[in-house]
Number of protein chains: 2
Amino acid sequence: MGEGVEWALHSCVNLAWAGPDRAVSAARLAAWHDLPTAYLNKQLQALARAGIVTSAPGPRGGFRLARPLADISLMDVVAAVEGPEEAFRCAEIRQQGPGGGPAASYAAECAVAQAMGRAELAWRRELAAQSLDDVRQQAERQAPDAPRQLRDWLASR
Amino acid sequence: MGEGVEWALHSCVNLAWAGPDRAVSAARLAAWHDLPTAYLNKQLQALARAGIVTSAPGPRGGFRLARPLADISLMDVVAAVEGPEEAFRCAEIRQQGPGGGPAASYAAECAVAQAMGRAELAWRRELAAQSLDDVRQQAERQAPDAPRQLRDWLASR
DNA sequence: ATAACCTGGATACTAGATATCCAGATTAGA
DNA sequence: TCTAATCTGGATATCTAGTATCCAGGTTAT
């Protein structure tokens with residue numbers, strides 16, 4: 001699991017704190033947590049392609065949330081940043097070597113892949129069940145003045 | 001998720017099919033699915049350290065299951081091969097840059113990490129709920145003569 | 001017109017997964 | 001006792017995917 005996921009999740013919450021009337025540039029989002037600007041920008045582009053944020057070029061441009069945090073699940077962000085690939089990739093080793101029979105006998109998915117797939121499904125379900133707004137609320141409980149600090153810092157530029 | 005997981009799961013089922021009275025060497029287990037012997041051996045060593053299989057050196061040596069398949073969960077194997085590390089590693093970027101306050105305010109785990117941790121817990125729970133014997137039964141449903149083929153092939157060496 | 005900003009491609013760097021090899025220890029069987 | 005088969009664990013090499021940077025081109029507010 002790449003770091004980009006953590007960056008993207010925090011960035012979405014930060015965009016919510018910045019407010020819908022202010023676009024935030026990749027450079028500012030990166031500076032706020034001391035991340036490499038160009039690389040964070042790549043993650044933000046992925047969020048934009050997935051329709052999670054909108055982007056605008058030019059002065060006063062940057063990124064905005066495309067919809068309320070409550071309508072964005074962790075699964076949305078993970079899928080946007082990590083891509084559609086499964087964590088467990090079945091290489092079908094059962095078909096290789098003396099243990100492999102004729103190709104016709106492999107219509108059904110390997111039992112190992114099925115079992116691992118069930119676990120991955122549970123993971124996705126749990127990710128889909130949690131919204132970014134849940135994360136924001138918990139973060140504000142831990143640091144109630146985080147939103148204000150961010151807005152002040154953005155305003156002073 | 002490394003390929004070693006798939007190899008280890010198949011190898012455990014193969015060991016069950018070989019039967020408890022026969023130790024199978026890493027070389028034979030690897031040849032059965034055309035895997036690199038030395039590297040599969042590393043995964044088997046990890047299983048041995050985790051107490052999932054037992055190993056014996058010398059002629060007629062090799063690996064055996066340490067307990068019945070029904071008492072081995074997918075989680076046991078994944079933990080043995082992949083190590084204890086979480087898939088999502090929180091880099092605590094919230095503490096970095098202007099967004100980071102005094103270190104004292106980070107007693108609680110980051111809200112992002114908490115949410116991702118819940119999903120990973122669901123994944124682990126599902127892995128722990130499935131035993132290797134479930135996988136074996138499903139595999140035998142798909143290929144009823146797989147156990148016999150393996151035993152014949154082992155006997156002919 | 002200028003400067004701020006996103007987009008996407010090309011490219012380099014790095015860490016971890018994959019793979020191989022070897023010297024040493026253990027043991028069955030002749 | 002000797003030999004050959006086998007595991008153990010460390011050292012090392014290779015490959016892949018993630019991380020990171022840069023640049024040329026396009027858009028837009030002021």
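Per chain, numbering begins at 1; letters A, B, ... match sequence-line order.
- If you check distances only, the side chain of A:Lys42 does reach the base of C:dG9 with a donor-acceptor pair under 3.5 Å.
- Across all strands, A:Ala56 comes closer than 4.0 Å only to sugar-phosphate atoms, never to a base (heavy-atom distances).
- Residue-level contact check: A:Ala27 touches neither bases nor backbone, having no heavy atom under 4.0 Å from any strand.
- For B:Arg118 and A:Asp134, the salt-bridge test fails: no basic side-chain N is under 4.0 Å from an acidic carboxylate O.
- Contact annotation: B:Ser55 side-chain N/O to D:dT6 OP1/OP2 distance is not under 4.0 Å.
- Where A:Glu3 and B:Gln45 each meet DNA chain D at their nearest nucleotide, the meeting point lying more 5' is that of B:Gln45.
- Between A:Glu92 and A:Arg94 there is a salt bridge, since a side-chain N of the basic residue sits under 4.0 Å from a carboxylate O of the acidic one.
- Sequence order on DNA chain D of the closest nucleotides to A:Gln43 and B:Arg28 puts B:Arg28 first from the 5' end.
- Residue-to-nucleotide proximity on DNA chain C shows that, of A:Gly61 and B:Pro57, the 5′-proximal contact is made by A:Gly61.
- Classification of the B:His10-B:His33 ring pair by plane angle, with boundaries at 30° and 60°, yields perpendicular.
- If you take OH of A:Tyr39 and P of D:dT19, they are 4 Å apart, rounded to a whole angstrom.
- The 5' end of DNA chain C is approached more closely, in terms of each residue's nearest nucleotide, by B:Arg89 than by the other of B:Gly58 and B:Arg89.
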